[in-house]
**Student:** 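Can you keep this structure in mind? I'll have questions shortly.
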Amino acid sequence: MIVSFITSAICIGVIFLYGCVGEIIMEKSGHLNLGIPGIMCVGTAGGCFGVSLYMKGLDAGASPNLIALFFIAVFFAFVFAAALGAVYGFLTVSFRANQNITGLAVTTFGSGFAQFFMDKFVDTSGLSKAASCFKKGLPFADSLGWFGEIFLSHGILVYFAIAIALAAAWFLRRTRKGLYLRAVGENPATADAVGINVNAYKYTAILIGSGIAGLGGMFYVMNYTGSWQNASTIQAYGWLSIALVIFTLWRPDISILGAFVFGGLYIASSYRLFGLSTSVLDVVPYVVTIIVLIITSVLDSKENQPPAALGLSYFREER
């Protein structure tokens with residue numbers, strides 16, 4: 001049961017990981033995007049749309065190619081999610097609209113759009129076959145016992161999420177562009193004064209972050225459930241992804257472990273861990289996030305705090 005629990009926690013945690021890394025990138029630019037749940041829903045619709053087009057083009061009885069499926073699903077999910085992120089960016093960067101209100105509007109629109117788009121334009125009949133292809137682990141995983149089942153039995157999208165998180169952590173901490181992005185999130189006026197194009201960095205972070213978050217929604221269908229259910233379920237993962245950003249102290253590398261912890265807490269009720277009731281276990285991720293937020297606030301360490309300009313619109317005229 002322990003091996004099964006850890007394996008399931010890793011799988012469901014990847015949904016949170018995509019959303020969390022995408023949100024961290026946006027928050028590092030100073031934008032608190034509460035539209036992540038809606039963006040993940042739109043990413044689901046985009047990924048499923050691309051996969052359905054590919055599956056329709058296959059000859060009868062032919063098996064899908066994993067590499068082709070991977071690139072098509074990732075491309076469409078990223079583009080759809082980034083397009084909705086562009087709307088959010090246009091409103092909050094160019095028009096300086098309130099980020100919280102805009103984000104909530106994006107979530108409402110995104111979930112409704114995804115449900116409508118999936119019902120009208122996506123043929124879901126081939127999704128389960130494509131999903132079975134995505135879920136295939138490494139061929140030698142079965143021969144390595146519990147180690148192979150826990151670490152090597154996952155689909156390509158799991159390892160892709162980990163790679164993105166590590167790449168994001170390296171970019172933010174080790175590159176000049178990452179330093180500029182963090183500077184924009186901390187003090188956009190100072191960044192602007194030294195010649196950094198603040199709006200360009202904000203737009204880039206929003207587009208890339210939204211695209212990555214959208215992959216989490218696509219992963220939910222293509223690797224976790226294997227079928228489309230409804231947008232409201234994906235929304236729940238989106239809100240937990242935002243909470244995970246606080247839990248992992250705005251660090252993409254820590255978010256890998258944090259996502260798996262959240263995954264374990266999320267499915268703990270299914271395994272009846274610790275003898276606690278389902279209703280108690282369901283709220284544990286939110287309680288843990290609140291505790292972490294309180295601890296980081298008390299410690300008051302700058303490394304563990306959100307960007308100073310998070311949620312604030314930048315008016316160059318007031319510099």
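We're numbering straight along the sequence, starting at 1.
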**Student:** Grab the two heavy atoms, one from Y88 and one from G103, that are nearest each other, plus how far apart they are.
**Tutor:**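 The pair with the smallest heavy-atom distance is CE1-N, 4.0 Å.
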**Student:** Which pair of non-hydrogen atoms, one from Q99 and one from L32, has the smallest distance, and what is that distance?
**Tutor:**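 Shortest heavy-atom contact: OE1-N, 2.9 Å.
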**Student:** Going through the checks in order, is the side-chain contact (heavy atoms from CB on, under 4.5 Å) test met by F260 and I12?
**Tutor:** CA-CA 8 Å; F260 299 156; I12 196 171; over 6 Å; no
**Student:** Is I101 reachable from W239 through a run of I, L, V, M, F, W or Y residues, each pair having side-chain heavy atoms under 4.5 Å apart?
**Tutor:**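 Cluster IDs for W239 and I101 differ.
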**Student:** Heavy atoms only: give me the nearest A259-L244 pair and the separation to one decimal.
**Tutor:**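 Minimum heavy-atom contact is CA-CD2, 3.7 Å.
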**Student:** Under a 4.5 Å side-chain heavy-atom rule over Ile, Leu, Val, Met, Phe, Trp and Tyr, are V184 and L207 clustered together?
**Tutor:**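 Result: no, two separate clusters.
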**Student:** Output side-chain donor-acceptor pairs under 3.5 Å for residues 137-158, partner residues at least two apart or in another chain, one line each.
**Tutor:**
residue : atom : partner : partner atom : Å
S143    : OG   : F140    : O            : 2.7
S153    : OG   : E149    : O            : 2.3
H154    : NE2  : I150    : O            : 2.7

**Student:** Go through the structure and list residues passing side chain to side chain donor-acceptor pair (under 3.5 Å) with S4, not counting sequence neighbours.
**Tutor:**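 For S4, the residues satisfying side chain to side chain donor-acceptor pair (under 3.5 Å) (neighbours in sequence not counted) are Y271.
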**Student:** F262: which residues meet the ring pair (Phe, Tyr, Trp, His ring centres under 6.0 Å) condition with it, sequence neighbours left out?
**Tutor:**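 For F262, the residues satisfying ring pair (Phe, Tyr, Trp, His ring centres under 6.0 Å) (neighbours in sequence not counted) are F247.
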**Student:** Is it the case that the side chain of N230 and the backbone of T233 share a donor-acceptor pair, with hydrogens and angles ignored and the cut-off at 3.5 Å?
**Tutor:**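 Such a contact is found between N230 side chain and T233 backbone.
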**Student:** List in chain and number order the residues that pass side-chain contact (heavy atoms from CB on, under 4.5 Å) with L249, two or more places apart in sequence or in another chain; answer none if no residue qualifies.
**Tutor:**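 With neighbours one apart ignored, the set is V292, T296, N304.
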**Student:** L172, L179: one ILVMFWY side-chain cluster at the under-4.5 Å cut-off?
**Tutor:**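 Not linked; separate clusters.
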**Student:** Please report the C-alpha distance between T248 and I24 in whole Å, then the side-chain angles of each, then the deciding distance to 0.1 Å, and finally whether the side-chain contact (heavy atoms from CB on, under 4.5 Å) criterion is met.
**Tutor:** CA-CA 10 Å; T248 57; I24 288 174; 4.2 Å; yes
**Student:** How long is the straight-line distance from OG of S313 back to CG of N98, given to the nearest 0.5 Å?
**Tutor:**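 If I round to the nearest 0.5 Å, the distance is 7.0 Å.
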**Student:** I want to check something: taking the side chain as every heavy atom from C-beta on, are W250 and R182 in contact at a cut-off of under 4.5 Å?
**Tutor:**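 No; the side chains remain at least 4.5 Å from each other.
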**Student:** Under a 3.5 Å distance rule, please check whether E186 uses its side chain to pair with a backbone N or O of A308 as donor and acceptor.
**Tutor:**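 Yes; at least one donor-acceptor contact below 3.5 Å.
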**Student:** Ignoring hydrogens and geometry, is there a side-chain-to-backbone donor-acceptor pair from Q115 to A231 under 3.5 Å?
**Tutor:**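 Checked: pair present.
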**Student:** What distance do T7 atom OG1 and F5 atom CZ have between them, rounded to the nearest 0.5 Å?
**Tutor:**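 Between T7 OG1 and F5 CZ, I get 10.5 Å after rounding to 0.5 Å.
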**Student:** Would a 4.5 Å heavy-atom cut-off, applied to side chains only, mark F80 and I39 as touching?
**Tutor:**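 The answer is no, as the side chains (C-beta and beyond) never meet within the 4.5 Å cut-off.
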**Student:** Which atoms form the tightest heavy-atom contact between G216 and M40, and what is the distance?
**Tutor:**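 Taking G216 first and M40 second, the nearest heavy atoms are C-CE, 3.9 Å.
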**Student:** Taking T108's backbone N and O only, do any of them form a donor-acceptor pair with S111's side chain (distance below 3.5 Å, no angle check)?
**Tutor:**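 Here the side-chain-to-backbone pair exists.
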**Student:** Look up atom NZ in K129 and atom OG in S63, then write down how far apart they are to the nearest 0.5 Å.
**Tutor:**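 It comes to 5.5 Å.
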**Student:** Could you pull out the closest heavy-atom pair between T225 and S227, with the gap in Å?
**Tutor:**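 Closest heavy-atom pair between T225 and S227: OG1-O, 2.8 Å.
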**Student:** Looking at R96 and Y314, would you say the former's side chain and the latter's main chain have a donor-acceptor pair under 3.5 Å?
**Tutor:**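 It does hold such a pair.
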**Student:** What residues form a ring pair (Phe, Tyr, Trp, His ring centres under 6.0 Å) with F90, not counting sequence neighbours?
**Tutor:**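 Partners of F90 under the ring pair (Phe, Tyr, Trp, His ring centres under 6.0 Å) test: F95.
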**Student:** For the atom pair CG (L240) and CD1 (I36), what is the distance rounded to the nearest 0.5 Å?
**Tutor:**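 Answer rounded to 0.5 Å: 13.0 Å.
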**Student:** State plainly whether one hydrophobic cluster holds both V245 and I254, where clusters connect Ile, Leu, Val, Met, Phe, Trp and Tyr through side-chain heavy atoms under 4.5 angstrom apart.
**Tutor:**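 Cluster IDs for V245 and I254 differ.
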**Student:** Would you say that T107 contacts L104 through its side chain, given a criterion of any heavy-atom pair below 4.5 Å between the two side chains?
**Tutor:**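 T107 does not reach L104 side chain to side chain.
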**Student:** For R251, check salt bridge (charged side-chain N to carboxylate O under 4.0 Å, His left out) against everything at least two apart and list the hits.
**Tutor:**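 Here the qualifying residues are D253.
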**Student:** Using 30° and 60° as the class boundaries, would you call the ring planes of F219 and Y18 parallel, tilted or perpendicular?
**Tutor:**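 Tilted, since the angle between the ring planes falls between 30° and 60°.
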**Student:** Quick check against the 3.5 Å criterion: does Y201 have a side-chain atom that pairs as donor or acceptor with the backbone of A183?
**Tutor:**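 It does not hold such a pair.
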**Student:** Starting at CD of Q235, measure out to OG of S232 and round the result to the nearest 0.5 Å.
**Tutor:**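 The CD atom of Q235 sits 7.0 Å away from the OG atom of S232.
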**Student:** Apply side-chain contact (heavy atoms from CB on, under 4.5 Å) to residues C41 and F113 and explain how you reach the verdict.
**Tutor:** CA-CA 8 Å; C41 291; F113 172 83; over 6 Å; no
**Student:** Y237 vs Y266 aromatic rings, parallel, tilted or perpendicular, using cut-offs 30° and 60°?
**Tutor:**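 Tilted, since the angle between the ring planes falls between 30° and 60°.
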**Student:** Answer whether the closest heavy-atom distance between the side chains of L215 and I164 falls below 4.5 Å.
**Tutor:**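 Contact flag for L215/I164 side chains = yes.
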**Student:** Of all the heavy-atom pairs spanning L181 and S29, show the shortest one and how long it is.
**Tutor:**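 Reported closest heavy-atom pair: CD1-CB, 3.6 Å.
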**Student:** Could you tell me whether the side chain of L53 reaches within less than 4.5 Å of the side chain of F76, counting heavy atoms only?
**Tutor:**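 Counting from C-beta outward, F76 and L53 do come under 4.5 Å.
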**Student:** So do L127 and M55 actually touch side chain to side chain, heavy atoms under 4.5 Å?
**Tutor:**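 No - every pair of side-chain heavy atoms lies 4.5 Å or more apart.
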**Student:** Supply the atom-to-atom distance S132 OG to K135 NZ, rounded to the nearest 0.5 angstrom.
**Tutor:**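 One gets 8.0 Å once the value is rounded to the nearest 0.5 Å.
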**Student:** Would you say the ring centroid of F117 lies under 6.0 angstrom from that of F121?
**Tutor:**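 Between F117 and F121, the centre distance is under 6.0 Å.
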**Student:** Using the rule that two of Ile, Leu, Val, Met, Phe, Trp, Tyr join whenever any of their side-chain heavy atoms come within less than 4.5 Å, decide whether I6 and Y159 are in one cluster.
**Tutor:**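 Yes, I6 connects to Y159 through the hydrophobic network.
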**Student:** Can you tell if the side chain of I25 reaches within under 4.5 Å of the side chain of P252, non-hydrogen atoms only?
**Tutor:**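 No, too far: nothing below the 4.5 Å cut-off.
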**Student:** With T102 as reference, evaluate L34, V87, T92 under the side chain to side chain contact (heavy atoms under 4.5 Å, CB included) test and give the passing residue.
**Tutor:**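 So, applying the side chain to side chain contact (heavy atoms under 4.5 Å, CB included) to T102 and each of L34, V87, T92, only T92 qualifies.
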**Student:** State, yes or no, whether a side-chain contact exists between S210 and M26 at a heavy-atom distance under 4.5 Å.
**Tutor:**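 Heavy-atom side-chain distance check passes, below 4.5 Å.
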